[in-house]
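Worksheet for the structure shown next.
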Amino acid sequence: MNLKYTDHARTRMAQRGITEQDIAQAIRIGLKIRRAGVIFYFVRRKDSHDLHGLTVVQAKNGTVLTTYKNKRGLRDIKRKSKYLSKEMK
């Protein structure tokens with residue numbers, strides 16, 4: 001899988017010990033949720049015990065914007081607005 005990464009995403013990956021292989025796996029097996037104009041991939045426990053809580057935020061053009069680990073992150077993602085607010089467009 002040939003993904004593009006923002007500088008921010010690369011920095012966060014290095015800080016959090018997340019590899020490109022982890023990102024590819026999360027996109028492949030994670031729960032895909034469209035919110036706030038981006039795509040979130042969230043790895044649930046039943047998807048992978050090793051990557052549980054890994055979240056990848058991807059722009060609609062396929063660029064990885066950021067990534068983080070939060071085992072309760074799905075709740076936070078679901079609270080986000082489904083669409084961008086008019087101020088952000």
Side-chain angles (χ1 to χ4, degrees):
M1 186 179 294
N2 193 9
L3 295 171
K4 294 180 183 176
Y5 299 87
T6 62
D7 291 339
H8 175 80
R10 291 260 182 220
T11 301
R12 295 297 179 242
M13 288 167 62
Q15 290 173 339
R16 297 168 177 158
I18 299 169
T19 65
E20 288 186 18
Q21 291 81 14
D22 293 341
I23 300 292
Q25 178 96 357
I27 291 172
R28 209 172 23 257
I29 66 171
L31 180 64
K32 182 178 182 178
I33 304 165
R34 287 181 165 85
R35 286 283 192 277
V38 296
I39 304 166
F40 291 86
Y41 294 93
F42 180 79
V43 180
R44 300 170 292 186
R45 183 180 295 127
K46 70 180 184 177
D47 298 327
S48 170
H49 287 285
D50 296 336
L51 297 176
H52 175 228
L54 178 61
T55 304
V56 177
V57 182
Q58 190 177 41
K60 289 184 179 179
N61 67 4
T63 303
V64 176
L65 301 175
T66 193
T67 184
Y68 56 91
K69 293 178 183 175
N70 181 355
K71 292 182 180 179
R72 295 185 183 177
L74 186 58
R75 177 186 63 203
D76 296 335
I77 293 168
K78 287 185 175 182
R79 286 184 189 166
K80 293 186 184 302
S81 172
K82 287 189 176 191
Y83 306 101
L84 282 175
S85 66
K86 289 184 180 183
E87 296 86 30
M88 295 185 73
K89 286 187 177 180

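Screening residues 46-56 for side chain to side chain donor-acceptor pair (under 3.5 Å) gives R44-D47 as the qualifying pairs, with residues at least two apart or on separate chains. Each salt bridge (Lys or Arg N to Asp or Glu O under 4.0 Å) pair with one or both residues in residues 4-14, not counting sequence neighbours, appears once here: R10-E20.
Across all non-hydrogen atoms, the minimal contact from V64 to A9 is O-CB, 3.4 Å. Scanning both residues, A26 and L54, for their nearest heavy atoms gives CB-CD2, 3.8 Å.
Across I29, I27, I23, a single residue satisfies side chain to side chain contact (heavy atoms under 4.5 Å, CB included) together with Q25, and that is I29.
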Practice problem: Begin with the C-alpha distance, continue with both residues' side-chain angles, and end with the deciding distance and a verdict on side-chain contact (heavy atoms from CB on, under 4.5 Å) for V56 and I18. | Solution: CA-CA 10 Å; V56 177; I18 299 169; over 6 Å; no
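Shown here are the side-chain hydrogen bond (donor to acceptor under 3.5 Å, both in side chains) partners of T66, two or more places apart in sequence or in another chain: H8. Listed by chain and number, the residues in a side chain to side chain contact (heavy atoms under 4.5 Å, CB included) with Q21 are T19 (sequence neighbours excluded). For K32, the side chain to side chain contact (heavy atoms under 4.5 Å, CB included) criterion is met by R34, I39, Y41, not counting sequence neighbours.
Side chains of D22 and V43 form no contact here, defined as non-hydrogen atoms less than 4.5 Å apart.
No side-chain donor-acceptor contact under 3.5 Å links R35 to the backbone of F40.
Between atom OG1 of residue T67 and atom CD of residue Q58 there is a gap of 11.0 Å, rounded to the nearest 0.5 Å.
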